[in-house]
2 protein chains.
Amino acid sequence: MEGRNEYLPAYYRLAEDIREKIESGELKPGDAIPPANRLAEVYGVSLMTVRQGLTILVRMGYLKSVQGKGTFVTAPSAGTLILPFSDKHLLGQDKEVKVKLLNLEIPAADEIVADRLAIKKGTKVIKVKRLLYADEGPVAVDFRFLPYIKGMPLLEKEIAYAAFPEVIAQYREIFLVQSSLEIYACTIRCEEAELLEVEEGHPALCLEQLIRLKDGRPVGWSRMMARGDRLTLKATSRTG
Amino acid sequence: MEGRNEYLPAYYRLAEDIREKIESGELKPGDAIPPANRLAEVYGVSLMTVRQGLTILVRMGYLKSVQGKGTFVTAPSAGTLILPFSDKHLLGQDKEVKVKLLNLEIPAADEIVADRLAIKKGTKVIKVKRLLYADEGPVAVDFRFLPYIKGMPLLEKEIAYAAFPEVIAQYREIFLVQSSLEIYACTIRCEEAELLEVEEGHPALCLEQLIRLKDGRPVGWSRMMARGDRLTLKATSRTG
DNA sequence: CAGTGGTCTAGACCACTAA
DNA sequence: TAGTGGTCTAGACCACTGC
């Protein structure tokens, strides 16, 4: 009856057991695992406990449940990677990144910024220019744009040193949800060349981050230009 | 008693309700939410149902439970992004990507490959060279390396057209787990220039993927060189 | 000690799928 | 119709925290 003689919870052991069978090849992608009630019998636990275990594997991408049909082993999910993205992660965990606030102004939005933030051209926006550098020298320059809201306090330190989503959460006094990042390669332009201590045309990694509210309304846009030889993004699989 | 008069399951409504309170600012990071038994009363559901709802929010990063103390609202988690990574995703969902197998040989590993795969220099490896292109022309060239295992069948089609982790899973007859990706900017080199129809020095996005077994042993390494003007990686927050 | 989260049961009913 | 997953209950006991 009560199989509570192990250190680990029953649902966890069940999940590990099935995961083991999958990784060892005993269960292959496409195979159906035994139905939940069968597993409940075999493992001597209740249905809820079985479900709790299977939920873990579904979340981890090992299984896929189809109502009325069964629960099936899925193909390796390695197509999805996790990309930690913050100033701290940018240069690798070992190196320490320093940030310098170069400029903070409230200009009228130009065409590009207006487009990204879905506002009218000419609307006032907050524009932040920063320089990120490590021990070996400058790594990246970045611009952050957010719509200017009259009366809202501007905390310079926050704006320069916090992660962009946090800056916006702070500024809008809201718990935001969506953030998307585009990554592409280009070359260092004239404006950034001096700051980054390289010549124009040097390979650069460009990162554009768009922050949106839950309803999809953009509330922040940032663009980072990084020296290709000093910045490497690292993404990994695993959900834990 | 039975509040089963809604379209959505009770646990889901509870989760959405609390999430709403968090995003609207009614509940702020650090705040404790009402204890589970209290929520069960308020929403008129059982404890298990409450837990099922809270589990969703914990998984999504909105809440953190601490045994014996309570369940608390966490700070915005936007520091972690999801990066879908497969041949199909590379060019954007709209465009169709085509793949051409350029070469498949079994040379001795050079220094770099031997290092990445943690094998001795000179060991035989499978080397695959591919060209990815879209309607507008070539986008990227990539090399895939995996240790050569005598007697293992080599399925050319698989190797060229499947995602790299799947290729290896197939080849090793195993369900693999770890995959990591490094992203950086460089310039097109002489060897790739002609294939990609650009001149040497053109900005390039370089993607190095390392596939490991569960125990950390590397079993595959790939390196993709993409035209910076034709490839943009897109990552988003949200776990769903 | 009381309050909290974590695990678990032995049922129940529903929705969906396939024969 | 039978088999399956999805939701839900009304309890129970345990482990941990803080007073």
Side-chain angles (χ1 to χ4, degrees), chain A residues 1-19 21-22 27 29-74 240, chain B residues 1-19 21-22 27-74 239-240:
Chain A
M1 326 298 169
E2 75 288 47
R4 233 170 303 157
N5 37 2
E6 309 285 327
Y7 285 86
L8 299 168
Y11 72 87
Y12 185 81
R13 280 182 285 133
L14 180 141
E16 279 300 293
D17 204 44
I18 292 179
R19 183 163 152 253
K21 285 193 172 68
I22 293 174
L27 285 170
D31 287 358
I33 66 168
N37 55 28
R38 188 95 181 72
L39 290 174
E41 284 175 24
V42 173
Y43 287 87
V45 296
S46 88
L47 259 180
M48 281 298 282
T49 305
V50 169
R51 279 198 53 72
Q52 203 173 346
L54 295 186
T55 298
I56 294 176
L57 296 181
V58 168
R59 193 177 68 212
M60 286 172 47
Y62 285 96
L63 298 178
K64 176 86 186 278
S65 289
V66 183
Q67 192 170 133
K69 295 182 72 173
T71 300
F72 304 87
V73 178
T74 56
Chain B
M1 323 293 174
E2 73 288 44
R4 234 170 301 158
N5 36 4
E6 309 285 326
Y7 285 86
L8 298 168
Y11 72 87
Y12 185 81
R13 280 181 286 134
L14 180 141
E16 280 299 294
D17 204 45
I18 292 178
R19 184 163 152 253
K21 286 194 171 66
I22 294 173
L27 286 168
K28 291 192 190 348
D31 287 357
I33 66 168
N37 55 29
R38 188 94 182 73
L39 290 174
E41 284 175 24
V42 174
Y43 287 87
V45 296
S46 90
L47 258 181
M48 280 298 281
T49 305
V50 169
R51 278 197 54 71
Q52 202 173 347
L54 296 186
T55 298
I56 294 176
L57 297 180
V58 169
R59 191 177 71 213
M60 286 171 47
Y62 285 96
L63 298 178
K64 176 85 187 279
S65 288
V66 183
Q67 190 169 136
K69 295 182 74 173
T71 301
F72 305 87
V73 178
T74 56
T239 316

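The structure presented is a predicted model; accordingly, all values stated were derived computationally and were not measured. The figures here come from the full heavy-atom set of this structure, side chains too, leaving out hydrogens, waters and symmetry mates. In the text below, chain A, chain B and the rest are named by the order of the sequence lines, each starting its count at 1.
- Across the interface with DNA chain C, nearest-nucleotide mapping of A:Val50 and B:Ala36 shows B:Ala36 to be the residue nearer the 5′ end.
- Computed from coordinates, the A:Leu63 CG to D:dT4 P distance equals 16 Å when rounded to whole Å.
- Following rounding to the nearest Å, A:Asn37 (CG) and C:dA10 (P) show an atom-to-atom distance of 15 Å.
- With the nearest nucleotide of DNA chain D identified for both A:Gly68 and A:Met48, A:Gly68 has the one nearer the 5' end.
- Set against D:dT7, C:dT4, C:dT7, the side chain of B:Pro9 has D:dT7 as its closest nucleotide.
- Scanning both residues, B:Leu57 and B:Ala15, for their nearest heavy atoms gives CD1-O, 3.6 Å.
- In this structure, B:Tyr11 does not reach the D:dC8 phosphate: none of its side-chain N or O atoms is under 4.0 Å from OP1 or OP2.
- The CG-P distance, from B:Leu14 to D:dT7, rounds to 14 Å in whole Å.
- Look at CG on B:Leu54: it is 13 Å from P on C:dT4, rounded to the nearest Å.
- The distance between atom CG of B:Leu57 and atom C1' of C:dG5, rounded to the nearest whole Å, is 15 Å.
- As a whole-Å value, the separation of A:Gln67 CD from D:dG5 P is 10 Å.
- Checking side-chain atoms of B:Thr74 against main-chain N and O of B:Tyr62 turns up a donor-acceptor pair under 3.5 Å.
- OP1 or OP2 of D:dT9 lies within a sub-4.0 Å distance of a side-chain N or O belonging to B:Thr49.
- From B:Leu54, atom CG reaches atom OG1 of B:Thr49 across 10.5 Å, with rounding to the nearest 0.5 Å.
- Straight-line distance from the NZ atom of B:Lys69 to the C1' atom of D:dG18: 9 Å, rounded to whole Å.
- For the pair B:Ala40 and B:Leu47, the tightest heavy-atom approach, listed with the atom from each and the gap, is CB-N, 4.3 Å.
- Both B:Leu47 and B:Gln52 sit near DNA chain D, but only B:Gln52 has its closest nucleotide nearer the 5' end.
- A:Phe72 has its CZ atom 12 Å from the P atom of C:dT17, to the nearest Å.
- At the phosphate of D:dG5, neither OP1 nor OP2 sits under 4.0 Å from any side-chain N or O atom of A:Arg51.
- Using a 4.0 Å cut-off, some side-chain N or O of A:Thr71 falls inside it from OP1 or OP2 of D:dG5.
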Salt bridge (charged side-chain N to carboxylate O under 4.0 Å, His left out) evaluation trace for B:Glu16 with B:Arg13: CA-CA 5 Å; B:Glu16 280 299 294; B:Arg13 280 181 286 134; over 6 Å; no
